[in-house]
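In the text below, chain A, chain B and the rest are named by the order of the sequence lines, each starting its count at 1.
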Amino acid sequence: MIHHGDDIPFFDDDEPGPVPPRREGSGIAARAMAARRETSVPDYLGGLNPEQRDAVVTTEGPLLVLAGAGTGKTRVLTTRIAHILASGNAYPSQILAVTFTNKAAREMKERIGVLVGGAVEGMPWLGTFHSIGVKLLRRHAELAGIRSDFTILDTDDVIRLIKQLIQAEGLDDKRWPARQFASMIDGWKNKGLTPKDIPEGDARAFGNGRGRKLYQAYQDRLKTLNACDFGDLLLHPIHIFRQHPDVLKEYHKRFRYILVDEYQDTNTAQYMWLRLLAQRPGHDTGPVNICCVGDDDQSIYGWRGAEVDNILRFEKDFPGAKVIRLERNYRSTAHILGAAGHLIAHNDGRLGKTLFTDRSDPDDAKVQVHAAWDSEEEARAVGEEIEQLQRRGEQLNDMAILVRASFQMREFEDRFVTLGLNYRVIGGPRFYERLEIRDAMAYFRMVCQPADDLALERIINTPKRGLGEASIRKLHDHARDRNIPMLAAARELCDTDEMKPKARKALYDVVTHFDRWQGLLETTPHTELAETILDESGYTEMWQNDRSAEAPGRLENLKELIRSMEGFESLRGFLEHVSLVMDAEQNEDLDAVSIMTLHSAKGLEFKTVFLPGWEEGLFPHQRALDESGRAGLEEERRLAYVGLTRAKRNCHIWFVSNRRIHGLWQSTMPSRFLDELPTDHVEVGETEMSYGGYGQSRFDRAEPFANSYGTPGWKRAQSHRSDATRDNWGTRSGHQVERIGYGESGPSGKTIEGELVARSVETTPSRFAPGDRVFHMKFGNGNIVAIEGNKLTIDFDKAGRKRVLEGFIQPV
DNA sequence: TCAGAATGATTTTTT
DNA sequence: ATCATTCTGA
């Protein structure tokens with residue numbers, strides 16, 4: 001969370017800006033340029049196939065690169081940047097390159113560094129949407145009504161804040177959980193909606209119809225706290241760009257090239273942000289050199305606001321856009337690609353890519369499907385297979401188990417512990433999200449930013465100081481009355497008789513401590529200061545006295561926290577880093593099997609991949625089907641596709657007949673995705689037929705891909721290829737989120753009438769309307785209050801207000 | 001203020 | 001079944 005004390009000059013980081021640098025004088029990418037002079041083709045282009053090369057050298061104009069799994073996407077992106085630099089068309093600071101994760105940004109930086117030799121330092125605009133958003137916002141904070149040293153709140157802070165607001169509204173915070181409202185706000189912000197933009201139905205659905213008011217109150221509170229949540233890091237810049245065309249124009253001049261990774265994962269807000277920067281109606285700021293790279297078949301984040309439509313609409317947004325498909329796969333065997341390709345062909349509405357490989361080795365194994373009685377046997381069998389591979393000399397690092405849901409991990413962990421097999425779990429609770437780390441961070445935040453009330457509330461009574469609810473309430477009230485931060489209020493209250501002597505003393509101690517630490521901020525090295533804070537506050541001692549099993553680990557984590565601060569300039573710098581980069585690196589040295597969810601496996605590859613739990617209800621997940629119907633099923637199928645295409649050599653799929661879910665044993669059906677695999681590339685394991693009568697007959701008999709050419713999806717994809725943008729995606733009815741009219745077309749006719757189609761928001765008229773009298777099997781009769789998509793809010797006569805799915809409701 | 005009891009929710013995850 | 005959060009009574 002936090003800050004930046006330094007003043008920020010507008011364009012601090014380089015030379016002139018808009019003027020294209022001279023080729024010879026740029027001093028960038030010297031090595032690449034040297035290579036360029038020696039041979040006619042720069043050597044960084046050497047190892048690329050024709051499509052990849054095309055994607056690299058087509059630097060001018062809009063370009064969409066549809067890059068299938070394992071087709072060298074990152075390589076294209078990094079080489080493209082190297083090429084732009086080497087050809088002298090832009091300074092590093094004139095390239096905007098956005099990724100979704102810090103990991104991707106880091107990787108890109110490294111790889112460009114290898115190609116170009118160190119000039120990456122000068123790429124200030126390579127980063128995640130959020131880190132670039134912060135950078136923009138620090139420069140123009142005042143245009144968003146905050147100061148440039150604003151605090152960035154994490155989800156934990158946000159939930160506590162919202163809870164306070166809900167209570168302040170006099171609402172029951174049990175009936176209206178803050179967590180739920182936080183995710184609603186998140187959803188709105190993903191769509192770029194401010195309080196006044198949200199649909200009436202949404203506004204009604206929360207807090208007895210006070211959703212809009214609460215959202216507004218939340219935004220107001222953020223402003224008072226001089227704080228932003230993650231969504232604001234995108235929304236504020238969008239509003240600044242809209243309201244201050246002069247500011248926007250500066251960036252138009254600045255960013256000569258825009259590159260976007262994982263374009264299929266962009267949400268509506270990110271899309272609006274990009275489009276503002278990329279579309280330049282009637283400016284003298286040059287062409288729209290935007291290059292988006294993505295794969296519609298790997299879009300698996302629809303549930304958190306990603307809009308595949310963004311990728312489907314690219315050619316419409318940027319007329320004259322070139323589309324390049326990367327379909328040559330360098331990762332997997334033909335069997336794996338055959339299985340994955342046949343599976344994904346069951347989806348509609350694809351842009352149509354078919355991965356192929358030249359590799360043809362008769363020894364390549366088919367994709368194996370295995371059956372097991374229950375999840376325990378599944379874990380045991382996978383463990384055995386792994387041990388066998390290990391005996392054959394395979395590295396554990398080359399193997400991964402990819403599960404649909406994290407509860408599946410435990411059984412594998414248990415088994416591997418018994419076997420003494422090294423494993424590592426990727427994902428899961430992250431370092432900076434741990435309780436003790438957050439507490440420590442709250443202390444640090446208070447020292448750097450004394451007005452951070454949320455931080456103070458977190459630790460004012462941790463360790464216990466006898467400052468309970470009543471004291472905090474008093475502090476709150478006083479702070480509110482005087483319109484000052486809580487710490488300042490505390491300072492004042494120490495001098496009055498309002499508090500009991502004991503609380504007053506405790507409060508006095510807290511205030512004195514913070515004053516002292518703030519005094520040390522400039523003079524003491526930050527790691528030392530951090531230690532001092534944790535010691536003097538009694539926080540370390542609190543855990544030392546704790547007899548519970550976790551305590552030693554927590555102390556260890558605190559030490560690790562201090563150690564990780566060493567790499568930073570100051571406490572402030574460290575806090576800023578942590579607020580945006582929540583991950584801590586893993587131990588790479590150990591040879592271990594990776595266990596992770598399919599979602600976190602995207603972008604990775606392993607020689608051998610195990611895919612357990614292919615059962616109806618788990619995969620595809622029942623909830624995805626219930627909540628998003630066909631779209632949900634297709635997303636699950638893409639997830640299966642991602643899973644399969646992670647494998648380089650071997651892929652083992654498992655399903656069981658019995659699985660324990662929420663403590664109850666349930667008998668399960670094999671996943672429909674198994675039916676969608678082609679016989680030619682799949683083999684049923686030895687346990688075949690022994691359980692549940694599962695045999696080859698279940699697979700698609702057809703030749704690989706053969707019947708997919710006849711499917712609606714394929715036909716649609718074909719028609720889309722030629723007649724790029726018309727009916728398929730363009731005119732789909734959806735609610736309009738915004739309309740940016742660059743009415744009069746620019747010189748090149750680049751008019752975009754820019755309606756945003758949010759397809760994933762179901763706009764099919766519901767068969768119900770608010771006020772309708774309905775019946776629910778479990779809750780009985782009630783009246784509809786609000787409708788959002790297929791979810792209805794209903795006041796039941798007996799059961800009270802509930803949110804239920806339309807499918808479970810009948811008209812009375 | 002705290003420990004033990006009751007309650008409820010339990011896909012996926014980034015920033 | 002299990003976990004986390006919240007409530008209740010001492």
Rounded to whole Å, how long is the line connecting atom [atom1] of [X] with atom [atom2] of [N]?
X	N	atom1	atom2	answer
Arg304(A)	dT12(B)	CZ	P	13 Å
Arg434(A)	dA4(C)	CZ	P	13 Å
Glu634(A)	dT12(B)	CD	P	22 Å
Trp176(A)	dT5(C)	CH2	C1'	20 Å
His621(A)	dT12(B)	NE2	C1'	8 Å
Ile152(A)	dT15(B)	CD1	P	13 Å
Asp154(A)	dT13(B)	CG	C1'	15 Å
Gln622(A)	dT10(B)	CD	P	16 Å

Can you tell me if [X] touches the phosphate of [N], counting only side-chain N or O atoms and a distance under 4.0 Å to OP1 or OP2?
X	N	value
Thr155(A)	dT15(B)	no
Thr597(A)	dT11(B)	no
Thr101(A)	dT14(B)	no
Asn102(A)	dT14(B)	no
Lys189(A)	dT14(B)	no

Item to check | Any Tyr271(A) side-chain heavy atom under 4.5 Å of Val260(A) side chain | outcome: no
Checklist entry - Quick one: on DNA chain B, does Leu467(A) or His662(A) contact a more 5' nucleotide (nearest heavy atom)? => result Leu467(A)
Next on the checklist: By nearest heavy atom, map Ser131(A) and Gly466(A) onto DNA chain B; which one lands nearer the 5' end?
Outcome noted: Gly466(A)
Checklist entry - Does the ring of Trp303(A) lie flat against the base of dT12(B), closer than 5.5 Å centre to centre with planes under 30°? => result yes
Next on the checklist: Is His130(A) stacked against the base of dT15(B), taking the criterion as centroid distance under 5.5 angstrom and interplanar angle under 30°?
Outcome noted: no
Nearest listed nucleotide, side chain of [X], among [options]:
X	options	value
Glu433(A)	dC2(B), dT15(B), dT1(B)	dT15(B)
Thr128(A)	dT2(C), dT6(C), dT15(B)	dT15(B)
Ser406(A)	dA1(C), dT12(B), dT10(B)	dT12(B)
Arg623(A)	dT15(B), dA1(C), dT10(B)	dT10(B)
Lys174(A)	dC7(C), dT11(B), dC3(C)	dC7(C)
Ala405(A)	dT12(B), dT6(C), dT13(B)	dT12(B)

Next on the checklist: Over all strands shown, is Lys602(A) touching base, sugar-phosphate only, or nothing at heavy-atom distances under 4.0 angstrom?
Outcome noted: nothing
Checklist entry - Counting only N and O atoms by type, is there a donor-acceptor contact under 3.5 Å from the side chain of Arg659(A) to the main-chain atoms of Ser375(A)? => result no
Next on the checklist: For Gln544(A), is there any backbone N or O sitting under 3.5 Å from a side-chain donor or acceptor partner on Arg554(A)?
Outcome noted: no
Checklist entry - Without hydrogens or angle criteria, can the side chains of Asn310(A) and Thr266(A) be said to hold a donor-acceptor pair below 3.5 Å? => result yes
Item to check | Donor/acceptor link under 3.5 angstrom from Arg404(A) side chain onto base of dT12(B) | outcome: yes
Next on the checklist: For a ring pair (Phe, Tyr, Trp, His ring centres under 6.0 Å) check, start with the C-alpha distance between Tyr301(A) and Trp303(A), then their side-chain angles and the critical distance, and finish with the verdict.
Outcome noted: CA-CA 5 Å; Tyr301(A) 286 108; Trp303(A) 52 271; 5.8 Å; yes
Checklist entry - Taking Lys602(A) as the fixed residue, which of Asp297(A), Asp265(A), Asp261(A) is the one that meets the salt bridge (charged side-chain N to carboxylate O under 4.0 Å, His left out) rule? => result Asp265(A)
